[in-house]
K.L.:
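I am attaching a structure below and will ask some questions about it afterwards.
Numbers restart at 1 for each chain; the letters A, B, ... are given by sequence-line order, proteins then strands. Quick note: numbers below take in every heavy atom, side chains included, and nothing from hydrogens, waters or symmetry partners.
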Amino acid sequence: MSTILYYTASLKNELIKLKRTFAFWLTIISAVLFPILFIVAYIFERETLVPLAGINPWEKFMVTQIENSTPFFIPMFIVLITSLIMQIEHKSLGIKHLFALPVPKSSIYFGKLSIVILAIIVTYVYYYIAIILSGVLLGFVYPDLGFLNFPPEHLRYLKMLMTSFLASFGIIGIQFWLSFRFKNFVIPLGFGMFLAIIGIIVSQAPQLSIYFPYSFSVLSVSLGDKMPLIFGISSVTIFSIVCFLIISIFGYFNIKKLNIK
Amino acid sequence: MNQLVVETKNLNFSYSKNKKDIEDLELKVPKGSIYGFLGPNGSGKSTTIRLILGLLKKNSGTVSLFGELFSGQSRLKVLNKVGALIENPSLYEHLNAIDNLKIAANYRQNIPSNRIYEVLEIVNLTKAKNKRIKEYSLGMKQRLGLAISLLSNPELIILDEPTNGLDPKGIIEMRTLIKDLNKRLGTTIFISSHLLSEIEKTCTHVGIIRNGKMLYQDTVASLKESKGTNIKFEIEVDTPIKGLSVLKNLKMENISLLDDLLQIEVKNKNEITDVIDVLRAERIKIYQVSIKNNLEELFLSLTEN
């Protein structure tokens with residue numbers, strides 16, 4: 001049987017396992033959290049937020065929202081969602097069962113990793129839909145805010161989210177391996193939360209933190225035009241993807257050799 | 001007939017450096033047998049099973065399944081013929097039985113969907129198939145775990161303490177099921193247990209392990225024979241003291257009184273009738289005569305130093 005068949009079977013199973021779990025709901029809750037906060041803020045601060053004539057209100061609405069929520073929130077979210085998805089397996093004592101099945105261990109490791117990445121992508125998609133809908137809703141209720149008079153620049157905002165997503169790849173690799181490796185969820189959760197906070201603090205010193213994956217999410221926004229480029233691509237994006245690849249491959253070989261007690 | 005389904009040679013393993021958890025273990029499970037792997041708690045039964053399935057990395061020695069050395073290359077091929085239930089079954093508690101079986105079937109592939117309903121019927125869980133595992137009792141979980149290991153019609157089923165948490169009715173059902181599978185499909189079954197009575201009633205072969213070392217390995221029949229030819233039995237009578245003195249006059253050896261029951265050891269079954277005749281001649285009332293299980297003592301003498 002080919003590797004592809006094993007991998008798709010593994011993906012299919014991971015989706016079944018997500019049914020009725022908190023991990024599944026967390027993707028939705030996280031996506032609507034900030035749009036709801038922004039609706040409330042726009043309702044209370046409406047007077048000051050009415051745009052001048054001819055100005056597209058979407059620009060301010062989208063950019064402040066994305067720049068203020070994603071850099072800090074995404075690392076925390078990744079720490080939480082990877083731990084939660086792996087806990088489904090640990091709680092059911094599943095790994096000893098999976099590794100005794102006639103299935104390559106790689107299909108299990110990378111199948112699960114793919115589902116974690118998919119859950120994060122889905123959250124981004126929900127999030128984008130939720131911000132657009134919240135803007136449209138505000139436009140309907142308060143026409144003076146002008147949301148219905150201008151179209152949002154989708155491409156620009158999607159690019160911002162894409163940059164944020166790619167900058168988070170490194171920590172997806174690290175957190176996933178930790179969550180797979182340690183049954184006790186306090187280890188990946190505590191470690192991840194601690195480093196995410198450190199990442200925010202040290203991002204004040206970009207010369208060093210540009211090598212620290214937990215800072216990438218903040219740096220991808222805070223550095224703006226000052227971001228060093230490698231072959232014309234943001235260095236944070238490159239470092240993040242390299243970190244992801246190295247840790248994922250190392251993680252797989254580590255898990256493969258592990259004694260399952 | 002003498003083909004071995006599981007064979008280990010000089011198997012060694014330790015969790016930590018200063019203690020050997022499995023020492024030079026030579027396991028031989030013949031094809032078509034029901035092999036009882038017996039030992040007290042913590043003697044290395046589960047560790048051995050994990051070594052057989054490749055979940056633990058052995059320090060030295062070999063494991064062969066179906067005559068093939070277990071290695072990275074042969075792993076998938078060999079595991080394809082094995083169904084295993086290791087300690088507590090691995091079940092997704094937030095899903096129902098059907099989903100749990102579906103997951104196992106997807107992983108194994110080539111399993112027709114009606115097989116899921118078949119195995120549910122076999123383990124008697126058809127009525128509870130849509131219930132979430134959260135609401136299952138321990139015994140039901142154990143049965144669902146067994147159903148999962150049956151899915152692929154494996155040639156070898158490995159069950160680690162399968163009767164743990166089952167009620168007496170469940171234990172009897174499990175026993176019948178195991179014997180039936182073995183008889184009907186010729187499935188080789190490897191069961192670990194710390195209960196001698198369980199192994200004695202179900203198994204054809206037995207291996208006794210203590211502190212990671214194999215103490216005894218043979219058929220159950222020869223285990224029974226190995227403990228001398230003497231039969232021990234006990235008799236409940238209305239006047240045990242009188243009974244004792246009557247039997248003492250008979251010049252029989254090994255007669256004693258324990259909890260008001262006469263304990264007697266004889267060389268063959270005919271002598272039991274003789275003892276009863278003597279007691280009845282003295283008008284002593286006999287309420288029950290029962291042969292004592294000497295395997296129990298054998299097990300204790302083997303496993304306790």
K.L.:
Is A/Lys256 in contact with chain B via its backbone, its side chain, both, or neither, using a 4.5 Å heavy-atom distance?
P.N.:
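Contact with chain B: backbone only.
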
K.L.:
May I ask you to decide if A/Pro102's main-chain N or O and B/Arg108's side chain share a donor-acceptor pair within less than 3.5 Å?
P.N.:
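Looks like no, no N/O pair under 3.5 Å.
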
K.L.:
With a 4.5 angstrom heavy-atom cut-off, which part of B/Ile148 approaches chain A: side chain, backbone, both or neither?
P.N.:
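Answer is side chain: those atoms of B/Ile148 sit under 4.5 Å from chain A.
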
K.L.:
Where on B/Leu95 is there a heavy atom nearer than 4.5 Å to chain A: the side chain, the backbone, both, or neither?
P.N.:
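For B/Leu95, backbone and side chain are both near chain A.
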
K.L.:
Can you tell me how far OH of B/Tyr107 sits from CG of A/Asn13, rounded to the nearest 0.5 angstrom?
P.N.:
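The CG atom of A/Asn13 sits 4.5 Å away from the OH atom of B/Tyr107.
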
K.L.:
Could you check if a side-chain atom of A/Lys105 sits within less than 4.5 angstrom of a side-chain atom of B/Arg75, using non-hydrogen atoms only?
P.N.:
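Side chain of A/Lys105 against side chain of B/Arg75, heavy atoms only: contact under 4.5 Å found.
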
K.L.:
Would you say B/Asn106 and A/Ile16 make side-chain contact, with heavy atoms under 4.5 Å?
P.N.:
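SC-SC contact between B/Asn106 and A/Ile16 confirmed.
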
K.L.:
Are the side chains of A/His97 and B/Ile86 in touch, meaning some heavy atoms are under 4.5 Å apart?
P.N.:
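Result no, sub-4.5 Å side-chain heavy-atom pair not found.
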
K.L.:
Taking side chain as C-beta onward, heavy atoms only, is A/Ser92 less than 4.5 Å from B/Glu93?
P.N.:
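Counting from C-beta outward, A/Ser92 and B/Glu93 never come under 4.5 Å.
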
K.L.:
Does A/Phe185 have more than 12 heavy atoms from other residues, nucleotides or ligands lying within 6.0 Å of its CZ?
P.N.:
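At most 12 heavy atoms, drawn from other residues, nucleotides or ligands, come within 6.0 Å of this atom.
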
K.L.:
Does the pair B/Tyr92 and A/Lys91 meet the rule for a side chain to side chain contact (heavy atoms under 4.5 Å, CB included), with working shown?
P.N.:
CA-CA 8 Å; B/Tyr92 302 101; A/Lys91 232 173 64 193; over 6 Å; no

K.L.:
Do A/Tyr6 and B/Leu76 make a side-chain contact, defined as non-hydrogen atoms from C-beta onward lying under 4.5 Å apart?
P.N.:
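Side chain of A/Tyr6 against side chain of B/Leu76, heavy atoms only: contact under 4.5 Å found.
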
K.L.:
Distance check, rounded to the nearest 0.5 Å: B/Ser46 atom OG versus A/Lys96 atom NZ?
P.N.:
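Reported value, rounded in 0.5 Å steps: 9.0 Å.
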
K.L.:
Looking at CG of B/Leu55 and NZ of A/Lys261, how far apart are the two atoms once the value is rounded to the nearest 0.5 Å?
P.N.:
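Rounded to the nearest 0.5 Å, the CG-NZ separation comes to 12.5 Å.
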
K.L.:
Check whether more than 12 heavy atoms from other residues, nucleotides or ligands sit under 6.0 Å from atom CD of B/Gln73, and answer yes or no.
P.N.:
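Atom CD in B/Gln73 is not packed in, count stays at 12 or less.
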
K.L.:
Give a yes or no on whether A/Phe250 atom CZ has more than 12 heavy-atom contacts from other residues, nucleotides or ligands under 6.0 Å away.
P.N.:
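Yes.
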
K.L.:
Give me the atom names and distance for the closest heavy-atom approach of A/Lys19 to B/His94.
P.N.:
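In terms of heavy atoms, the two residues are closest at O-CD2, 3.0 Å.
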
K.L.:
If you round to the nearest 0.5 Å, how far is CG of A/Leu98 from OG of B/Ser90?
P.N.:
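Rounded to the nearest 0.5 Å, the OG-CG separation comes out at 7.5 Å.
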
K.L.:
Which atom pair, heavy atoms only, marks the closest approach of A/Ile260 to B/Arg50?
P.N.:
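The pair with the smallest heavy-atom distance is O-NH1, 3.1 Å.
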
K.L.:
Would you say B/Lys213 has more than 12 foreign heavy atoms packed within less than 6.0 Å of its NZ?
P.N.:
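Open.
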
K.L.:
Any chance you could measure A/Asn259, atom CG, to B/Tyr15, atom OH, to the nearest 0.5 Å?
P.N.:
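Going from CG on A/Asn259 over to OH on B/Tyr15, the span is 7.5 Å.
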
K.L.:
Any chance NZ of B/Lys57 has more than 12 other-residue heavy atoms, nucleotides or ligands included, within less than 6.0 Å?
P.N.:
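Enclosed.
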
